[in-house]
There are 2 protein chains.
Amino acid sequence: MAETRYQRRKEERPDEIAEAAFDVFSEHGYAGARVDEVARKAGVSKGLLYLYFKTKEELFKAVVMRVISPRMDALIERLSTSEQSAEEFLRGPLTQFMQQLPRSRARVVIKLMISDGSRHPDLVDFYWESVASKGLALISSIIERGVSSGEFRKTAVSELPQLVIAPMMVATVWKIVFADRSLDTDRLVSTHIDMLVSYLKTERSKTR
Amino acid sequence: MAETRYQRRKEERPDEIAEAAFDVFSEHGYAGARVDEVARKAGVSKGLLYLYFKTKEELFKAVVMRVISPRMDALIERLSTSEQSAEEFLRGPLTQFMQQLPRSRARVVIKLMISDGSRHPDLVDFYWESVASKGLALISSIIERGVSSGEFRKTAVSELPQLVIAPMMVATVWKIVFADRSLDTDRLVSTHIDMLVSYLKTERSKTR
DNA sequence: ATATTTACTGACTAATGGGTCAGCAAGATT
DNA sequence: AATCTTGCTGACCCATTAGTCAGTAAATAT
C-alpha cells in the first residue's frame, strides 16, 4: 500500500500547467479564469503552480506566447523557400493556412486578444510584432510579387492585405460565437480566394 | 446651504445605469466588470443599482439587448422599402452599414459575444435570432434577387453571405484589438464590395 | 407646517479568489 | 539504512466584490 501521493516531475510541470491554463483561459478569458481550476485540471496543487508561475498574469502571458511563437514562423518559412507564382501561393499554402486556423489553437489566441487585449497591451504588441504585422506584410509582398510579374493588375488590395484574410476572421469568430451552428469554413475561404484572384486578374478595369 | 444630496429620478435611472454599464462591460467584459464602477459612473449608489437590476447578470443582458434590439430592424426596414438593383443595394446602403458598424456601439456587442458569449448562451441565441440570422438572410436574398434578375451569375456566394460581411468583421476586430494602429476601414469595405460585385458579374466562368 | 411615501444611500456581510508558507515526503546521496 | 535535498501539498490569509438592508431625506399629499 503506501501509494505514493505524488511524483516529482520538475521538467514536465510547467508544460502541463500551461496546457491546463490554456483550456481554462480559452473557456473563461483572463478575468473569468480561476487559478484553482487550472491547478485542478493540471492535477497539481495551487502552491506548485505558483512555484512555476509568479502570478496569474504571468501564467496568462506564458500561455499566449506558447501558442503564438511557433505559429507564424512556420508559414513565413514555407513562403520564403517557395518558388510558386503568386496565384499558386494564394490558392495553395495560404488557403490551407486560412482554412485550418479557425480549427487550431490560434483561434483561442484571437479570442483572447479580442476579449483581454486591452488589459494586456504588451501581449497585443507582441502579437502584433510576431504575428499580425509579419503575416500581413507577407501577404502584401505576395500580391506585389504578382503585380510586378504581370500576373495581377494593380489594385488597392496591395495596401489592404486585411482583405485577403477576411474570410479567415469571419470563420474564426463564427466558430467562437456560433460553435454549434454549422458553416462550411473551408468553402468560405476557398470561394473568397477564388473571388480575390479573379479580381486581381481581371484585365479591363471595372467601372467606378 | 443644505444642498440637496440627490435627486429622485425614477424614470431616468435605469437608462443612466445601463449606459454606464455599457461603458464598463465594453471595457472589461462581463467577468472583469465591477458593479461598483458601474454605480460610480452612473452617479448612483450600488444599492440603487440593485433596486433596478436584480443581479449583475441581468444588468449585462439588459445592456446587450438595449443595443441589439433597435439595430437590425433599421436595416431590414431600409431594404424592404427599397427598389434598388442588387448592385445598387450592395454598393449603397449595405456598404454604408458595414462601414459604420465598426465605429458604432454594435462593435461592443460583437466583442461581448466573442468574449462572454459562451457563458451567456441565451444572449447568443437572442443575438442570432434577432441580428445575425436576419442579417445574413437579408444579404442572401439580395444576392438571389440579383441572380434571378440576370444581374449576377450563380455562385457560391448565395449560400455564403458571410463572405459579404467579412471585411466588416475584420474591421471590427481590428478596431477592438489594434485600436491605435490605423486602418482605412471604409476603403477596406468598399474595395471588398467592388471585388464582390466584379466577381458576381464576371461573364465567363473562371477556371477551377 | 406636518405627515406620508418611497427613491436613494452607504455601511455592512458572506463568499470568492489570488497569493503564501510551514511542513511533508519522494527521490537522490552517502 | 540513514540523511539530505527539494518538489510538492493543503491549509491559511486577506483583499476584493456581488449582493443586502436599515435608515435617510427628497418630493408629495394633507
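The model shown is predicted, which means the values in this text are computed figures rather than measured ones. Throughout, a chain's letter reflects where its sequence line sits, starting with A, and its residues are numbered from 1.
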When you check the gap from the basic side-chain N to the acidic O, do B:E16 and B:R13 get nearer than 4.0 Å?
yes
4.5 Å side-chain heavy-atom contact, B:K61 and B:D122
yes
Could you give the CG-to-C1' distance, from B:D36 to D:dT20, as a whole number of Å?
13 Å
Atom NZ of A:K54 and atom P of C:dC21: how far apart are they, to the nearest Å?
15 Å
If you check the A:T4 side chain, which of D:dT17, C:dA26, C:dG17 turns out closest?
C:dA26
Among residues 22-30 of chain A, which contact DNA chain C at a heavy-atom distance under 4.0 Å?
none
Rounding to an integer number of Å, can you tell me how far A:E37 CD sits from C:dG19 P?
16 Å
A side-chain contact here means heavy atoms from C-beta on lying under 4.5 Å apart; do A:Q162 and A:L136 qualify?
yes
Lys/Arg N to Asp/Glu carboxylate O, B:D116 vs B:K111, below 4.0 Å:
no
Quick one: label A:A31 by what it contacts on the DNA or RNA (base, sugar-phosphate, nothing), any heavy atom closer than 4.0 Å.
nothing
Kindly say if A:R34 contacts the phosphate of C:dG18, meaning a side-chain N or O under 4.0 Å from OP1 or OP2.
yes
Rounded distance in Å - CD (A:E11) to P (D:dT6):
14 Å
Closest contact, heavy atoms only, A:P167 versus B:A166
N-CB, 4.2 Å
Check: residues 178-185 of chain B side-chain donor-acceptor pairs under 3.5 Å, at least two apart:
residue: B:R181; atom: NH2; partner: A:D125; partner atom: OD1; Å: 3.1
residue: B:D184; atom: OD1; partner: B:D186; partner atom: N; Å: 3.4
residue: B:D184; atom: OD1; partner: B:R187; partner atom: N; Å: 3.1

Heavy atoms of A:S115 and B:S115 approach each other most closely as CB-CB, 3.0 Å
Using a 4.0 Å heavy-atom cut-off across all strands, classify A:A39 as base, sugar-phosphate, or nothing.
nothing
Rounded to whole Å, how long is the line connecting atom CD of A:E12 with atom C1' of D:dC8?
14 Å
Going 5' to 3' along nucleotides 3-15 of chain C, which nucleotides have protein heavy atoms under 4.0 Å from the base (write B), which only from the sugar-phosphate (write S), and which from neither (write -)?
---BBSBB-----
Does a salt bridge link B:E19 with B:R105, judged by any charged N lying under 4.0 Å from a carboxylate O?
yes
Is the shortest heavy-atom distance from the side chain of B:L94 to the side chain of B:V164 under 4.5 Å?
yes
